[in-house]
Amino acid sequence: MADAFDRLGYGTYELTDGEECASGVAHAIETGYRHVDTAQGYDNEASVSAGIDRTDVDRDDLFVATKLSTDNLSYDDAVETARASRDRLGVDSLDLLYVHWPINSYDPEETLPALDDLVDDGVVDRIGLSNFRPDQLDEAIDGLSHDVFAHQVECHPLLQQERLREYAVEHDHWLVAYSPIARNRVADVDVLREIAAAHDATPAQVSLAWLLSKERVAPIPKAADFGHVEENWAARGIDLTDDQIARIDALDRGERIVDFEAAPWNGS
């Protein structure tokens, strides 16, 4: 079980090519990342494990998170597939297991007890939720015996998720930010370009630094290109001024990258 949760993680979404994923994970770990995020739906858990095996870093020093697919949220399926994910990832227990989306087979009366039992049985160390509305978070937190460690949602300067960030602080869990550079749409934002120039950085690095400046926020950028992986890691060294943070705070457009009809925020 990893004790340290590194706020800047390495995302593996769309790294479906086995060699690309394994080499990406290995390079990220060698660069300094210790928090690796995957999902059953990414179909790359075994490749993530292979990448970890290529490094000299002990698995106990890594924080490995995965997510239950939307078809695996009944009690029996959640328990069975979580164990399979643990085995594919080659860990004694999953540091963090999320419900990827509260849709399709999600049923609080089935899914939440499964998560609790997985923790009790030592298969999972921490429980996470992903893409939940505030009312769904309330229901899940009330229904779980164990604490929620993280809530993962899209979050970046163009979709700042202020309400969910405040919720994370209030309930003492992490907001894990996926698509933290808005698939590099941030590169086209003049304010971010200006601030980046002042720091001899990129708009992507500034976006990550802005997220890291926020309380209880942990971005997990995905990158296959080794140079981008290193640039993202270097964002930890950017110290934004209060004025720069305020200018970025004013950029929120509610602009989603990940959106579809069945998404929770489009429902009732």
Side-chain angles (χ1 to χ4, degrees), residues 9 11-17 21 37-45 65-78 80-82 85 96-115 127-144 148 150-168 171 173-189 207 211 217-224 251-268:
T12 63
Y13 175 64
E14 289 188 334
L15 296 182
T16 53
D17 177 82
C21 180
D37 180 90
T38 183
Q40 293 176 346
Y42 301 169
D43 197 27
N44 64 9
E45 290 172 329
T66 192
K67 310 175 195 75
L68 292 166
S69 292
T70 59
D71 291 336
N72 294 334
L73 298 174
S74 70
Y75 181 91
D76 289 343
D77 288 344
E80 180 181 350
T81 64
S85 288
L96 175 59
L97 179 68
Y98 294 93
V99 172
H100 204 158
W101 294 89
I103 59 175
N104 295 356
S105 65
Y106 179 70
D107 178 350
E109 294 185 2
E110 291 241 348
T111 311
L112 302 180
L115 294 173
I127 293 170
L129 307 171
S130 184
N131 298 301
F132 278 52
R133 297 188 310 259
D135 62 299
Q136 293 173 317
L137 286 173
D138 285 338
E139 180 182 43
I141 288 171
D142 289 345
L144 286 163
V148 170
H151 179 218
Q152 184 174 142
V153 291
E154 179 181 346
C155 186
H156 46 73
L158 307 180
L159 180 69
Q160 298 191 5
Q161 300 281 23
E162 182 176 6
R163 184 179 180 191
L164 289 174
R165 286 192 285 114
E166 290 174 349
Y167 193 106
H171 290 271
H173 61 243
W174 290 97
L175 185 137
V176 175
Y178 71 75
S179 297
I181 61 173
R183 297 189 184 163
N184 214 31
R185 290 186 192 180
V186 295
D188 299 323
V189 179
S207 297
L211 287 164
V217 175
I220 50 166
K222 183 270 291 186
L251 292 175
D252 194 5
R253 304 174 186 170
E255 184 175 322
R256 289 189 183 275
I257 305 294
V258 179
D259 198 13
F260 54 97
E261 186 177 350
W265 47 85
N266 293 325
S268 58

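- In this structure, Trp265 and Trp101 have tilted ring planes: the angle between them lies in the 30° to 60° band.
- The salt bridge (charged side-chain N to carboxylate O under 4.0 Å, His left out) check on Arg253 picks up Glu255, with sequence neighbours excluded.
- Here the OH-CG distance, from Tyr98 to Leu68, works out to 12.5 Å after rounding to the nearest 0.5 Å.
- Within the 4.5 Å cutoff, the side chain of Thr81 has heavy atoms near those of the Gln40 side chain.
- Using a distance-only test at 3.5 Å, with no hydrogens or angles considered, a donor-acceptor pair links the side chain of His156 to the main chain of Leu158.
- A 6.0 Å sphere centred on CG of Asp43 holds no more than 12 heavy atoms belonging to other residues, nucleotides or ligands.
- The side-chain heavy atoms of Ser105 and Asp77, taken from C-beta on, include no pair separated by under 4.5 Å.
- Atom CD of Gln152 is separated from atom CG of Leu164 by 12.5 Å, given to the nearest 0.5 angstrom.
- The two residues Val189 and Arg185 have their closest heavy-atom pair at CG2-O, 3.8 Å.
- Residues Tyr75 and Glu110 approach most closely at N-OE1, 2.8 Å, considering heavy atoms.
- Smallest separation of non-hydrogen atoms from Gly11 and Lys222: O-CG, 3.2 Å.
- Within the 4.5 Å cutoff, no side-chain heavy atoms of Glu162 are placed close to those of Asp252.
- Of all heavy-atom pairs spanning Pro102 and Gln136, the tightest one is CG-OE1, 3.6 Å.
- Leu97 has its side chain out of reach of Ile127: every pair of non-hydrogen atoms, C-beta onward, lies at least 4.5 Å apart.
- Counting only heavy atoms from C-beta outward, the side chains of Leu251 and Gln160 approach each other to under 4.5 Å.
- Expressed to the nearest 0.5 Å, how far CG of Leu129 lies from CG of Leu144 amounts to 6.5 Å.
- Side chain of Tyr167 to backbone of Asp138: a donor-acceptor contact under 3.5 angstrom is found.
- Salt-bridge annotation for Lys67 and Asp37: present, with a side-chain N of the basic residue lying under 4.0 Å from a carboxylate O of the acidic one.
- Among Asp17, Thr16, Thr38, the one residue that satisfies the side chain to side chain donor-acceptor pair (under 3.5 Å) test with Asn44 is Thr38.
- Here Arg163 contributes atom CZ and Arg165 contributes atom CZ; the two are 13.5 Å apart, rounded to the nearest 0.5 Å.
- A distance of 8.5 Å separates CD of Glu139 from CD of Glu109, quoted to the nearest 0.5 Å.
- In this structure the side chain of Ser74 never reaches within 4.5 angstrom of the side chain of Asp107, judged on heavy atoms.
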>> Using the rule given for ring pair (Phe, Tyr, Trp, His ring centres under 6.0 Å), can you reason through Phe132 versus Tyr106, listing the C-alpha separation, both sets of side-chain angles and the distance that settles it, and then say yes or no?
In response: CA-CA 11 Å; Phe132 278 52; Tyr106 179 70; 5.4 Å; yes
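- The backbone N or O of Ile257 lies less than 3.5 Å from a partner atom in the side chain of Glu154, making a donor-acceptor pair.
- Across all their heavy atoms, His173 and Ala150 have their closest contact at CB-N, 4.1 Å.
- For the pair Leu211 and Cys155, the minimum side-chain heavy-atom distance is below 4.5 Å.
- Contact check for Leu96 versus Trp174: no side-chain heavy atoms found under the 4.5 Å cut-off.
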N/O donor to acceptor pairs below 3.5 angstrom from side-chain atoms of residues 176-184, sequence neighbours left out:
residue, atom, partner, partner atom, Å
Tyr178, OH, Asn131, OD1, 2.7

>> Evaluate Phe260 against Ile103 for side chain to side chain contact (heavy atoms under 4.5 Å, CB included), listing each step before the verdict.
In response: CA-CA 12 Å; Phe260 54 97; Ile103 59 175; 4.0 Å; yes
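- How far OG1 of Thr111 is from CG of Leu73: 4.5 Å, rounded to the nearest 0.5 Å.
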